[in-house]
Amino acid sequence: MLSFFRRIINSRVGFIVTFVVLGVIALAFAAGDVTNLSTGSGGLTGNDVAKVGGKDITVADLTTRANDELQVARQQQPTLDMAGFVAAGGFDGTLQRLITTSALEEFGRDQGMVVSKRAVDGQIASIPALQGPNGQFDETLYRRILAERKLTDQQVRADIVRDTLVAQLTGPTIGASQIPQQVAIPYASLLLEKRAGLIGFVPAAAVPAGPAPTDAELQTFYGRNLNRYSVPERRTIRYAVVTPASVAASAKPTDAEIAQAYNRNKAQYQPTEKRTIRQVIVADQAGATALAAKVRAGTPIAAAATQAGLEAALIEGTTRTGYAKQANAAIADQVFAAARDAVVGPVKGPLGFLVARVESIEQVPGRTLAQVRNEIAADLSKRKGTEALSNVHDKIDDALVADATFDEVAKDGSLQPQTTPAVTAQGVDPLTGAKIDPALTAVVTAAFSATDGDPPQLVQTAPDGSFAVVAVGAISPAAPRPLAQIRDRVAADFTADRRRQAARRLAGQVLAKVNGGTALPQALAAAGAPAPRPISATRAQLAQAQGGAEPALALMFSMAQGSAKLLEAPQGAGWMIVKLNQIERADASRNPAAVAGARGDIARLAGRELAEQFARAARNELGVKIDSNAVARVRKDLTGAGN
């Protein structure tokens, strides 16, 4: 099911039931580490891989979930395939998460917990992509999408119910942890601990390159490092873009349409009068009469209002109709019948008694059709263009639902099909280094989210409504480039590796001297290496480092005082010798901020631990049986190892 959500995420109904998978993935916070519990094989049928209480987990359930989670993982690692997913432990994690979520669901039901149909209806109806033009849930659209993807309403609702029960069970547990101050103080003190030392560096570039490698050496090195020279999976992508310019000709309004639009809105083009009015609203009639008298005697209306403890409001450039909406028609008639500088009132209004002064009067001449033709034409073109683009999109969408091919859609829509070179998921041709136009990023993303044999899909490509029909062309699996094509590169890598190994031997000699009592600066100088540099930090600084702590610093916090260790420099640049000279212990008992931070950190960890223990208890309470043979068969089927 997840693969469906993944494929349509860029389409017109892109976020249909995406939230259905969120509970499953999010549950990894607690259930992901609950493994190897209560396994067995008794009482299972040939179609089941596990049994949780009275609930069966079938081969189809596990297969579908594994494929779904692979698609989610490919959002972060687009080139990941099922074999790599399984090898990295993804399949085993999927099985355990499926068991644990099922256990929590069954446990919740056993405790009498329910999720009402109304709650599920509300979650489905709240999905923006399922709302029609009126902003309301579109039942027809929902049913159509389910039919297109061979899903059932029951499947979607079952997932929502399960995820809701899991969230209700684990959510309060995670947030319930309270950590005593005395528990947090040692941890906070540890974070304030400071360490200082030296870092020496033996650069690989300083080591002689040695003789040129032989063919045999290159072949051996190439064979040991095939992954380094592998080209990731590449795909050719077939696409056709539809833009507002594509429908511009059909969106051009006719003279008749322009005239109709003018006549339909003729009132706004007629001569009109606009007035600027300053007014005051007084609660009682006597006060309003006194204020009006002052204004008529020459006191500015704003000053008269201030003297009465009120404030005059300024209404600029309003028409009779607009002013009537603010006051009422009777007041508007009186104000618009008055001359400039005239004082109107007091007049009883909806909020009290109004006193107004006409500040200015502007006569706005009417505009003829010829004068506003271009304005109307531009507005009609925009609206017709949006409608035409939407119609083309819907027509193509209908054709794809009816299993039309990319070529059929392109031909019927008079589109211009194009094909990219074989590119990676990053839109790069690894053989030439050429990059796909950034405007096609969404096209590349959609193509790599699809699996071989998937139908074409619609993808929005720009905020102006532009979209593309996208289909996967040829797929070239990841494979190493032939040695003959990259001999120079392999030779350079071989030489660099040889220098790196020689630098390691030299650094090892320096390390031996340092651990034997020689000062690091002297040992480096004897080896012809640069002088060391000082380094220091607290554990808190280490934890807060953006992008990860410097490796040498991290190593220093796992060493004994006075010791030295060897560490490879980033990108094979050489080797570092890390010497820890000093450890400064700290006492956080007088640092309330540090203790409070530590309490919060520990509480979050404890909350996760409690959730894990709760999930473990639910599994133990219900009992879990796993058919290891059935699981092995599913693993083989997914990776193709059984073929």
Side-chain angles (χ1 to χ4, degrees), residues 70 73-74 76-90 201-238 419-437 440 444-445 447-452 472-508 551 566-576 636 638-643:
L70 171 63
R74 291 185 68 177
Q76 301 298 324
Q77 190 178 348
T79 59
L80 183 67
D81 57 13
M82 181 57 78
F85 179 74
V86 172
F201 179 54
V202 178
V207 178
T214 65
D215 289 343
E217 287 175 325
L218 287 182
Q219 186 64 54
T220 301
F221 183 81
Y222 171 78
R224 286 201 311 261
N225 296 277
L226 285 177
N227 288 340
R228 184 186 299 189
Y229 305 111
S230 290
V231 178
E233 179 186 298
R234 294 167 295 146
R235 299 185 175 193
T236 59
I237 305 170
R238 305 186 69 196
T419 303
T420 70
V423 297
T424 64
Q426 290 71 41
V428 178
D429 180 350
L431 302 183
T432 65
K435 295 183 178 180
I436 292 293
D437 184 346
L440 297 177
V444 176
T445 300
F448 274 86
S449 70
T451 57
D452 192 17
V472 178
I475 299 179
S476 302
R481 297 181 65 182
L483 175 59
Q485 294 181 4
I486 54 173
R487 191 180 190 284
D488 291 344
R489 176 185 168 189
V490 176
D493 291 345
F494 174 87
T495 301
D497 186 67
R498 184 165 58 187
R499 297 175 84 168
R500 187 180 65 83
Q501 295 298 334
R504 190 187 192 288
R505 290 191 292 272
L506 182 58
L566 194 64
L567 179 68
E568 186 173 10
Q571 301 177 343
W575 296 85
M576 295 183 287
K636 287 182 179 180
L638 288 171
T639 59
N643 296 332

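Here the structure is a predicted model, which means the values were calculated and not measured. Below, all heavy atoms of this structure are taken into account, side chains as well, without hydrogens, waters or symmetry copies.
- With contacts defined as side-chain heavy-atom distances shorter than 4.5 Å, the pair Arg504/Val207 does not qualify.
- With sequence neighbours left out, the ring-ring contact (aromatic ring centres under 6.0 Å, His included) criterion links Phe201 to no other residue.
- Counting heavy-atom neighbours within 6.0 Å of Arg481 CZ, excluding the residue itself, gives a total above 12.
- Side chains of Thr424 and Arg234 form a contact here, defined as non-hydrogen atoms less than 4.5 Å apart.
- Ile237 and Val444 make their closest contact through CD1-CA, 3.9 Å (heavy atoms, listed as atom of the first residue, atom of the second, distance).
- Considering all non-hydrogen atoms of both residues, Ala503 and Ala204 come closest at CB-CA, 3.8 Å.
- Residues passing the salt bridge (charged side-chain N to carboxylate O under 4.0 Å, His left out) test with Arg228, sequence neighbours excluded: Asp493.
- Atom CD of residue Gln426 and atom OG1 of residue Thr445 lie 9.5 Å apart, to the nearest 0.5 angstrom.
- The side-chain contact (heavy atoms from CB on, under 4.5 Å) search around Arg500 returns Asp497, Glu568, Trp575, not counting sequence neighbours.
- Counting all heavy atoms, side chain and backbone alike, Val231 lies closest to Pro430 at CG1-CG, 3.3 Å.
- Atoms CD1 and OH, on Ile486 and Tyr222 in that order, are 5.5 Å from each other to the nearest 0.5 Å.
- Here the straight-line distance linking atom CG of Leu506 with atom CZ of Arg499 works out to 13.0 Å at 0.5 Å rounding.
- For Arg235, the side-chain hydrogen bond (donor to acceptor under 3.5 Å, both in side chains) criterion is met by Glu233, not counting sequence neighbours.
- Applying the side-chain contact (heavy atoms from CB on, under 4.5 Å) rule to Ala83 yields the partners Asp81; only residues at least two apart in sequence or on another chain are considered.
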- Message: As a quick check of understanding, evaluate side chain to side chain contact (heavy atoms under 4.5 Å, CB included) for Arg487 and Asp215, giving each step before the final call.
- Response: CA-CA 9 Å; Arg487 191 180 190 284; Asp215 289 343; 2.4 Å; yes
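- Within the structure, ring-ring contact (aromatic ring centres under 6.0 Å, His included) pairs that include any residue of residues 483-506 comprise Phe221-Phe494 (at least two apart or interchain).
- In terms of heavy atoms, Leu226 sits closest to Gly223 at CG-O, 3.6 Å.
- Heavy atoms only, all atoms of each residue included: Ile436 and Pro421 are closest at CD1-CD, 4.3 Å.
- Heavy-atom minimum distance, Ala491 versus Leu218: CA-CD2, 3.5 Å.
- A donor-acceptor pair under 3.5 Å is absent between the side-chain atoms of Gln485 and the main chain of Pro482, judged by distance alone.
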